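Remember, it's a predicted structure, so these values are computed and weren't measured experimentally. Both counts, for ligands and for their atoms, begin at 1 and track the order of listing.
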Amino acid sequence: MTPAPSGALGALEASGLGQAMRQWLWLYPAVEIVHLVGIGLLFGSIVVFDLRLLGFSRRIPIRRLASHVLPWSAGSFLLIVPSGLLMFTAHATDFIDSEVFVLKMLLIMAAGVNAALFHTITFRTADVWDSEEMRKLPPPPSARVAGGLSLAIWISVIACGRLLAYF
Ligand code: HEM
C-alpha cells in the first residue's frame with residue numbers, strides 16, 4: 001500500500017492544477033518568473049538590512065532602514081510562496097524525495113528562526129545600541145551574527161532552489 005503522504009502528494013500531482021503546470025507550455029516558466037521576481041525582491045531588500053547589521057552604512061538609523069526595507073522583504077513572500085507551491089504541485093513526489101528540496105525548506109525555516117530571534121531580542125534594544133552616540137561603534141555581536149547568518153542562509157536557499165533542476 002502506498003504510504004499516505006506520497007498518496008496525498010500523488011493526488012496533488014494528478015490534480016488539474018498539477019497537470020496544467022506540466023502540460024501548458026508557458027505556465028511553469030511564467031510561475032517560475034514570478035518566483036524569481038519575488039526572490040529578487042526578498043534578497044534585494046534583505047541584503048541591505050543585513051549589511052547594515054554587519055556595520056555598513058551606519059549613518060542610516062537602523063529603525064528607519066528597517067521600516068523602509070523590511071515590509072518589502074515580508075511582501076515578497078506573497079510572490080514566492082504561491083509560485084513555489086504551484087511549481088511543487090507539478091512534481092510533488094519527486095520534490096519531496098529530493099534532499100536538496102528538503103534542505104531548502106529547512107534553511108527557509110532556519111532563516112525564519114534567525115529573523116524571529118533577532119527581532120524579539122536584539123532589535124528591541126536598537127534605540128540603545130543604535131543611538132547617535134553608539135552608532136560610531138559597530139553593532140553588537142548579536143546583530144552582526146544575525147546579519148551574517150541571514151546572508152549565508154538566504155544565499156544557500158537560492159543555491160538549493162537552482163540546484164533543484166539538477167538533483
Ligand atoms: C523563500 C525563499 C525562496 C527562495 C530564495 C527560493 C529560491 C529558488 C530558486 C533560485 C529557484 C530556481 C529558479 C530557476 O532555476 O529558475 C527555485 C525554484 C523552485 N522553488 Fe523556490 N525559493 C524559495 C521558496 C520556495 C518555497 C516556499 C517553495 C514551496 C514549496 C519553493 C519551491 C520551489 C520549486 C518547486 C522550484 C522549482 C525547481 C525546478 O523546477 O527546477 N520555493 N526557488
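Atoms of ligand 1 found under 4.0 Å from any heavy atom of Met105, numbered from 1 in the order shown, are 26 (C), 28 (C), 29 (C), 30 (C), 31 (C). Heavy-atom proximity to Phe88, at under 4.0 Å, picks out these atoms of ligand 1: 35 (C). Contact atoms of ligand 1 toward Leu36: 13 (C), 16 (O) (distance under 4.0 Å to a heavy atom of the residue). For ligand 1, the atoms lying closer than 4.0 Å to a non-hydrogen atom of Phe77 are 1 (C). For ligand 1, the atoms closer than 4.0 angstrom to any heavy atom of Glu32 are 13 (C), 14 (C), 15 (O), 16 (O). Interface atoms of ligand 1 facing Ala165, defined by a heavy-atom separation under 4.0 Å, are 41 (O). Annotation for ligand 1: atoms under 4.0 Å from non-hydrogen atoms of Tyr28 are 37 (C), 38 (C), 39 (C), 40 (O).
Under the 4.5 Å side-chain criterion, counting only non-hydrogen atoms from C-beta, Pro139 is in contact with Trp129. With a 4.5 Å cut-off on side-chain heavy atoms, Ile96 and His91 do not count as touching.
Atom CE of Met21 and atom CG of Leu12 lie 11.0 Å apart (nearest 0.5 Å).
Only the side chain of Trp154 comes within contact range of ligand 1, with a heavy atom under 4.0 Å; no backbone atom does.
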Please list every donor-acceptor pair under 3.5 Å in which a side-chain atom of residues 50-61 meets a protein atom from a residue at least two apart or in another chain.
from	atom 1	to	atom 2	distance (Å)
Asp50	OD1	Ser150	OG	3.3
Asp50	OD2	Ser150	OG	2.6
Arg52	NE	Ser57	O	3.3
Arg52	NE	Ile60	O	2.7
Arg52	NH2	Ile60	O	3.0
Arg52	NH2	Asp130	OD1	2.7
Arg52	NH2	Asp130	OD2	3.4
Arg58	NE	Arg135	O	2.8
Arg58	NE	Leu137	O	3.2
Arg58	NH1	Gly55	O	2.9
Arg58	NH2	Lys136	O	2.9

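Cation-pi geometry between Arg124 and Phe118 is not met: the NZ or CZ atom fails to fall both under 6.0 Å from the ring centre and inside 45° of the normal.
The protein non-hydrogen atom at the shortest distance from atom 15 (O) of ligand 1 is Arg162 NE, 2.6 Å. When only non-hydrogen protein atoms are considered, atom 10 (C) of ligand 1 lies nearest to Ile158 O, 3.4 Å.
Within the hydrophobic cluster formed by Ile, Leu, Val, Met, Phe, Trp and Tyr side chains joined at under 4.5 Å, directly or through other members, Leu79 is accompanied by Ile33, Val34, Val37.
The tally of protein N/O/S atoms under 2.8 Å from atom 21 (Fe) of ligand 1 stands at 2.
Side-chain N or O atoms of Gln19 include one that pairs as donor or acceptor with a backbone N or O of Ala14 at under 3.5 Å. Under the 3.5 Å distance criterion, the side-chain polar atoms of Glu13 are left unmatched by any main-chain donor or acceptor of Thr89. Between the side chain of His35 and the backbone N or O of Ile80 there is at least one donor-acceptor pair closer than 3.5 Å. Between the Arg63 side chain and the Phe123 main chain, a donor and an acceptor come within less than 3.5 Å of each other.
Scanning for side-chain hydrogen bond (donor to acceptor under 3.5 Å, both in side chains) contacts around Ser98 gives an empty result, with sequence neighbours left out.
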